[in-house]
S.K.: 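Before I ask anything, here is the structure I am working with.
Everything quoted here is computed from the prediction, not taken from an experiment.
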Amino acid sequence: LHSFPTRRSSDLQKYPDKKIALACTSPPPGDLNIDAYYLYHSYNIVDLLKSLLFSCRISFQWFFIKRKIGATDTINRPQASLFLARLNEFFSFFRMAAIHLTDSSYYRLFTKLQPHIIVSNDDSMQLKPRIDDSSTIFIAMQSASVLPSNELYRRLFITNYGDESIKADYFLCTGEYYKNLKSFSKVAKKVVVTGQPRYDILARRSEMYDRLKMMRNLGLNTDKKLILWATQTHALPYEENVENIDAVHDTMSSLEEVQLAIKLHPAENQIAPLYTGNDSWTPLILGKDWDINALVFACDLLITKDSTTAQEAVLLDKPVIILNLSGEQDRVYYVQEGVAIGVYEPAALAHAIKRSLNDTQFLEELKINREKYIRKYLFKNDGKATERIIDLLDSLHERSVMYTQK
C-alpha cells in the first residue's frame with residue numbers, strides 16, 4: 001500500500017470539530033483548504049493484477065455478446081448503431097480495468113480514513129461503495145437531469161442483483177419530480193429534496209456577472225441580441241450533428257439582428273472540427289473553460305437539445321429553444337413543461353428565434369411556466385441549497401459519531 005499524499009491545512013473555521021477530505025481521481029490542486037487524497041495512490045500490485053484479470057473476463061464475454069447483437073437487423077438503425085458504439089466503448093478492456101481498479105482504490109482509501117460520511121455526485125458514484133464499517137453513511141447528490149428510463153433500469157438492477165447493503169443511505173435531489181423518480185428506482189433508503197447547490201450562485205447573478213463587459217471581452221456587438229448554442233456533439237450521431245450545424249448556419253445567415261456564440265460541452269472535442277469545416281462560416285466557439293452560467297446570463301436566448309444548461313436558463317429567466325432534429329421524442333420535458341419552444345424541422349428554427357425574442361405575450365407565458373417548473377424540478381431559487389445540505393450533513397455526522405461511540 002502506497003503512502004497517502006495529503007495537504008495539511010487548518011480545519012474550516014465554522015466546523016472546528018469536523019474533518020473534511022476530498023478524494024480526487026486526478027492529482028488534486030494545490031490551493032485547497034481541506035485535505036485532498038489522490039485516489040490512485042491507494043492501490044497495490046495485487047489490485048492491479050485483479051483488475052487486469054477482471055477486464056480480460058468481461059472483454060471475452062462482451063466479444064461474443066457483441067457478435068450476436070451485430071447479427072440483428074435493428075443494429076443498422078442510427079440510434080441503435082450509436083448505442084452499440086457506446087456499449088463497445090464502455091466494455092473496452094481499459095475501461096473495465098479502470099472501473100475495477102477505481103473500486104479497489106476507493107475501498108483501500110475508505111478503509112484507511114474510516115469516514116463517518118461519504119458524499120458523492122451521482123454521476124461518479126450512486127450505489128454505496130465497499131466499506132467495512134457498517135456505520136458509515138453514504139450520500140449521493142443529483143448532478144444533472146434524471147431520466148425515467150434510466151431509473152427503470154436502476155430499479156430492475158436493484159431488484160434482481162442488489163439488496164439494502166448497496167443502496168445509498170440518502171439521495172439528495174433538486175426537486176419533487178426527481179424525488180419521485182429516485183424513490184421509484186429504490187437506489188437509496190431515503191430521498192431528500194434540497195435544491196441544486198451549484199445553482200446557488202445564480203441567486204446572486206447581478207452581483208456576479210456583468211453582461212456588457214462579457215460581450216465586449218468576447219468581441220460581440222452589444223447592440224445585437226446574443227444567441228447561445230450549448231452543444232452536445234459527443235452524445236449525438238454524426239448525421240444529426242451535421243443537420244444541426246447546417247440548420248443553425250442557414251438560420252443565422254438569414255437573421256441580421258442577432259449574433260451567435262457556441263458553447264461546447266466539456267465532454268466533446270474542444271477542437272470542434274465539425275463547426276470549423278465550413279469556409280463560409282466562422283462562428284464564435286467557446287470551450288470548456290468558459291463559465292456557462294456567465295454565458296447564459298449574458299445571452300438573450302439559449303439553444304440546446306436536452307442539456308441541463310436549459311435549467312440554468314430557466315433560473316436566469318431566459319427563453320429556450322430545444323433543437324431536436326433526431327426524429328425521436330424529447331428526452332427531457334422542457335417543451336412539455338412550457339419553458340421552451342421545440343424545433344423539430346430545420347425550417348422552423350428562424351420563426352422560433354423570432355418568437356422567443358420578440359413575442360411579448362409568449363414571453364409572459366414563459367415567465368409563468370418558469371415559476372411552476374422551478375417549484376417542480378428545482379425546489380427553490382433562493383440560493384440556500386448548499387446551506388440545507390450542510391445542515392443535513394451536520395446532523396448526520398453527530399448521529400454517526402454517537403453510533404460509533406456506542
S.K.: Filter on ring pair (Phe, Tyr, Trp, His ring centres under 6.0 Å), then keep only pairs touching residues 282-334, sequence neighbours left out; what's left?
M.R.: Tyr209-Phe297

S.K.: Under 3.5 Å, is there a donor-acceptor pair linking the side chains of Asn369 and Glu337?
M.R.: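 Side chains of Asn369 and Glu337: no pair found under 3.5 Å.
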
S.K.: If you count heavy atoms of other groups shown closer than 6.0 angstrom to CZ of Arg331, is the number above 12?
M.R.: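 No, the 6.0 Å shell around CZ holds no more than 12 heavy atoms from other groups.
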
S.K.: Locate the shortest heavy-atom distance separating Met215 from Asn221; write the atom from each residue and the value.
M.R.: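 So the two residues come closest at CE-O, 3.5 Å.
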
S.K.: Does one side chain, of Tyr178 or Gln142, offer a donor that lies under 3.5 Å from an acceptor on the other?
M.R.: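 No, no side-chain donor-acceptor contact under 3.5 Å.
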
S.K.: Using a cut-off of 6.0 Å, state whether more than 12 heavy atoms not belonging to Leu147 lie near its atom CG.
M.R.: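 Correct, the count exceeds 12.
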
S.K.: Check side chain to side chain donor-acceptor pair (under 3.5 Å) between Arg205 and all other residues, then give those that pass, not counting sequence neighbours.
M.R.: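 If we apply the side chain to side chain donor-acceptor pair (under 3.5 Å) test to Arg205, skipping adjacent residues, there are no hits.
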
S.K.: Show me, pair by pair, the donor-acceptor contacts under 3.5 angstrom made by side chains of residues 46-57, not counting sequence neighbours?
M.R.:
from: Asp47; atom 1: OD2; to: Asn44; atom 2: N; distance (Å): 3.2
from: Asp47; atom 1: OD2; to: Arg108; atom 2: NE; distance (Å): 2.5
from: Ser51; atom 1: OG; to: Asp47; atom 2: O; distance (Å): 2.9
from: Ser51; atom 1: OG; to: His100; atom 2: ND1; distance (Å): 3.0
from: Ser51; atom 1: OG; to: Leu101; atom 2: N; distance (Å): 3.2
from: Ser55; atom 1: OG; to: Phe93; atom 2: O; distance (Å): 2.4

S.K.: List for me each residue that meets side chain to side chain contact (heavy atoms under 4.5 Å, CB included) alongside Ala385, sequence neighbours excluded, and say none if there are none.
M.R.: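 Partners of Ala385 by the side chain to side chain contact (heavy atoms under 4.5 Å, CB included) criterion, ordered by chain and then number, come out as Pro197, Asp200, Arg388.
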
S.K.: So, Gln196 versus Thr174: side-chain donor-acceptor pair below 3.5 Å or not?
M.R.: no

S.K.: Salt bridge (charged side-chain N to carboxylate O under 4.0 Å, His left out): which pairs involve residues 81-101, sequence neighbours left out?
M.R.: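 For residues 81-101: none.
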
S.K.: Who are the ring-ring contact (aromatic ring centres under 6.0 Å, His included) partners of Tyr153, not counting sequence neighbours?
M.R.: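 Tyr153: no ring-ring contact (aromatic ring centres under 6.0 Å, His included) contacts found.
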
S.K.: Taking ring-ring contact (aromatic ring centres under 6.0 Å, His included) as the test, write out the residues that go with Phe110, two or more places apart.
M.R.: Tyr106

S.K.: So, are Asp35 and Lys19 salt-bridged, with charged N and O less than 4.0 Å apart?
M.R.: yes

S.K.: Kindly state each residue pair satisfying ring pair (Phe, Tyr, Trp, His ring centres under 6.0 Å) with at least one member in residues 125-151, sequence neighbours excluded.
M.R.: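 Listed once each, the pairs would be none.
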
S.K.: Please name all residues satisfying ring-ring contact (aromatic ring centres under 6.0 Å, His included) with Tyr373, sequence neighbours left out, ordered by chain then number.
M.R.: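 Tyr377.
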
S.K.: Mind checking what makes ring-ring contact (aromatic ring centres under 6.0 Å, His included) contact with Tyr107, not counting sequence neighbours?
M.R.: none

S.K.: The criterion is salt bridge (charged side-chain N to carboxylate O under 4.0 Å, His left out); which residues satisfy it with Glu371, sequence neighbours excluded?
M.R.: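 Partners of Glu371 by the salt bridge (charged side-chain N to carboxylate O under 4.0 Å, His left out) criterion come out as none, since no residue qualifies.
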
S.K.: So, Trp229 versus Asn244: side-chain donor-acceptor pair below 3.5 Å or not?
M.R.: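 The criterion, which ignores hydrogens and geometry beyond distance, is not satisfied for Asn244 and Trp229.
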
S.K.: Got a sec, which pairs hit salt bridge (charged side-chain N to carboxylate O under 4.0 Å, His left out) with one end in residues 208-224, sequence neighbours left out?
M.R.: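 Output for this query lists Arg211-Asp300.
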
